[in-house]
Colleague: 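Following this message is one structure expressed as structure tokens.
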Number of protein chains: 2
Amino acid sequence: MQILNERSRKVLYAVVQSYINYPDPVGSRVVTKKYSFGLSPATIRNIMADLEEMGFLLQPHTSAGRVPTDLGYRYYVDSLVAEGMISYSDIEILQELYRKLETLKNDMDLLLNEATRNLSMMSHYLGIAMSPMPDMTTLKRINLLKYKADAIAAVLLTDEGMIKNKVISVDSEISQKDLNRIAGLLNAEFSGYTFDEIRLKIVREMSKEKIKCDTLISRAMKICQEALSFPFSGLFVSGLAEVLELPDFADLGKIRELSKAIEDKHTIIKLLDKLSESDGVHVLIGSENSEDELKKLSLVVSPCREGDRPIGVVGIIGPTRMNYAKAMYIVEHTAKLITKMFSGR
Amino acid sequence: MQILNERSRKVLYAVVQSYINYPDPVGSRVVTKKYSFGLSPATIRNIMADLEEMGFLLQPHTSAGRVPTDLGYRYYVDSLVAEGMISYSDIEILQELYRKLETLKNDMDLLLNEATRNLSMMSHYLGIAMSPMPDMTTLKRINLLKYKADAIAAVLLTDEGMIKNKVISVDSEISQKDLNRIAGLLNAEFSGYTFDEIRLKIVREMSKEKIKCDTLISRAMKICQEALSFPFSGLFVSGLAEVLELPDFADLGKIRELSKAIEDKHTIIKLLDKLSESDGVHVLIGSENSEDELKKLSLVVSPCREGDRPIGVVGIIGPTRMNYAKAMYIVEHTAKLITKMFSGR
DNA sequence: TATTAGCACTTGACCATTGAGAGTGCTAAC
DNA sequence: GTTAGCACTCTCAATGGTCAAGTGCTAATA
């Protein structure tokens, strides 16, 4: 963090806070008026000119006030964290909102989906959540059920509290008894491994099996491989209508960018996946995001973990002009509540 | 359908088609130029004035051309149907796009979800799809799996090709053997009934059981009741980014309306549910929709059925200025392909 | 030396005016 | 019944002028 003297820092805060509250460039007058420094506008102007030179502020045009740059927000957010300034009194509301989630505690997907709704309602930004990716999802048990003559249903239960199912077509009918035997085999072999690990093991087994050619085992492998091939799109987003009310998304271009960002979920998934193994609340501001789609947005994100196993990621997407303190507070507590709910089941 | 003479009808078509291609009010000059009538603009003007009087056209302002009213679109669409004018040559593209869906044919939810993506890609409007509602979903089989000491997983297989699962918390541990017995009981009792019917039967059983107090049966009923209580949100929507490129959604207000319409899925679900028992392609134009959120949008929708059992609804949502012929074509064939895929499994 | 008052300057927002262009309805002629 | 001609209406884009906000700079001040 770059070193700023007390006075400069206070001015920077004032600008950021004022701009967060009201989306107009901040002039030297309002700084002196709303945030009582013992200084005249002229002095503030000098300080602001310095801050601009250092890259914390910028002027949209000569005769406008100043606006924080991404770097400015970053400084502000870092200070919030360093000084423990995040504190809100509406923890009760938050808990109230999550009380109803209790009934969903055993189904991670439903839980996360509902969480996004709460996140967006409370923050007025986009709520997002993601269940763990295949490399972080460990199989608890696989069950195979006869569905129709030429199809079986595979039901995968995971340690992270998810149920995934997949219908698999088969050429010849298999009895439920055989299915149970196959499932037993698979459980003995794969239970406790992540989906990705299992895929790898299957590939290895398969090449071995080609030689031995045991029909039951190779059949089991094929079925399991298919069972794991469902599209893994565990990303939940909600609150678009909410976000469109913000003045930050008053123009069409920004809305388009946003809707693209949330429609090809790929970018966000990649990003959240990276963070799922970390700890605590992360704040990614505008250009700090490497993906183009997100360069004009900010993310506040926190993983939910049980011990060292990630069980999901929750967060908020909003404009860079975001109420970071509030967003961080909401995300942090949402993550904590989900974690608690999940481990205290 | 109101009676128009040949000439008036042709003018109406010209206006609608021109406006669909290019979103500017259509003047008398363009009608004579692009659509070669043997008439002068003056004559066309007279005809257009008549059409306006009849409610098929309107002028945004005195010196602008004419724009179709919802009634105008309606007349146009009805004529398309009556005259079998819907024909496109890109059926191969459509089939190509759906070939990859073959692998999903056994999982209705995945299939419909993927279908919405195709629908929106092809039409450049919003693709929508809905799986059958609980009153139209018949239970094929229920399976109960032990998940954890205090939780079991219920897996419901339906005749419509859906798998639904629900984790159910229980106070005392139940062995898999008991679960199998319970599942057997439930299957014997409820297989072949719709979810709604089952709910009703349970309520009746429960009141009976209170007297007899057979623990196994009452336990089974409770479990089944919980199993059926998952949130039934079988609505899939995609293509928002696509739709925002249209000039029809150039202003913020319309975007807000649209995003509200698709975010509280309730309205659309209700509408589609009504149509799921009908047949063929339906076109709902703007104000024909009773729900406010949809009054400025048009829907082109078709149910997918196997015999007399609805297996889903697919469709397109777009502006009233929609290419109805193309939309109807796409929706019709998508519905047919899904139906075929499903029955020819 | 740090701060401040004063002032000239820049710029976007707002508003009224204007002219061009598109399209109309009406009337009279064909 | 159709059309040419014309006056009329309305939108849109461009223009220019004023206003208020906010700046940077300079000189005065504590």
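Each chain gets a letter, A, B and so on, in the order its sequence line appears, and its residues count up from 1. In what follows, every heavy atom counts, from backbone to side chain, and hydrogens, waters and symmetry copies are set aside. Given the structure is predicted, the values throughout are model-derived calculations rather than measurements.
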Colleague: With sequence neighbours left out, what residues match A:D273 under side chain to side chain contact (heavy atoms under 4.5 Å, CB included)?
Modeller: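 Counting only residues at least two positions away or on another chain, A:D273 forms a side chain to side chain contact (heavy atoms under 4.5 Å, CB included) with A:M130, A:M133, A:D135, A:S276.
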Colleague: According to the salt bridge (Lys or Arg N to Asp or Glu O under 4.0 Å) rule, which pairs have a member within residues 12-37 of chain B, sequence neighbours left out?
Modeller: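 As it turns out, there is no salt bridge (Lys or Arg N to Asp or Glu O under 4.0 Å) pair with a partner in residues 12-37 of chain B once direct neighbours are skipped.
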Colleague: Please identify each residue that fulfils side chain to side chain donor-acceptor pair (under 3.5 Å) with B:N5, with sequence neighbours left out.
Modeller: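 Partners of B:N5 under the side chain to side chain donor-acceptor pair (under 3.5 Å) test: B:S8.
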Colleague: Roughly, in whole Å, what's the span from CG in B:L39 to P in D:dG1?
Modeller: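 Atom CG in B:L39 sits about 13 Å away from atom P in D:dG1.
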Colleague: Quick one: what's the B/S/- string for nucleotides 13-30 of chain D, heavy-atom cutoff under 4.0 Å, read 5' to 3'?
Modeller: --------BSBB------
Colleague: For A:D24 and C:dA13, what is the distance between atoms CG and P respectively, to the nearest whole Å?
Modeller: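 So the two atoms are 10 Å apart, to the nearest Å.
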Colleague: According to the side chain to side chain donor-acceptor pair (under 3.5 Å) rule, which pairs have a member within residues 49-61 of chain B, sequence neighbours left out?
Modeller: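 Every pair satisfying side chain to side chain donor-acceptor pair (under 3.5 Å) with a residue in residues 49-61 of chain B: B:E52-B:R66.
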Colleague: Under 3.5 Å, which donor-acceptor pairs link side chains of residues 294-301 of chain B to any protein atom two or more places apart or in another chain?
Modeller:
from: B:K295; atom 1: NZ; to: B:N289; atom 2: O; distance (Å): 2.7
from: B:S298; atom 1: OG; to: B:G286; atom 2: N; distance (Å): 3.4
from: B:S298; atom 1: OG; to: B:Y324; atom 2: OH; distance (Å): 2.7

Colleague: Within this structure, what is the CD1-to-P distance between B:I44 and D:dT2, rounded to whole angstrom?
Modeller: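 Answer to the nearest Å: 10 Å.
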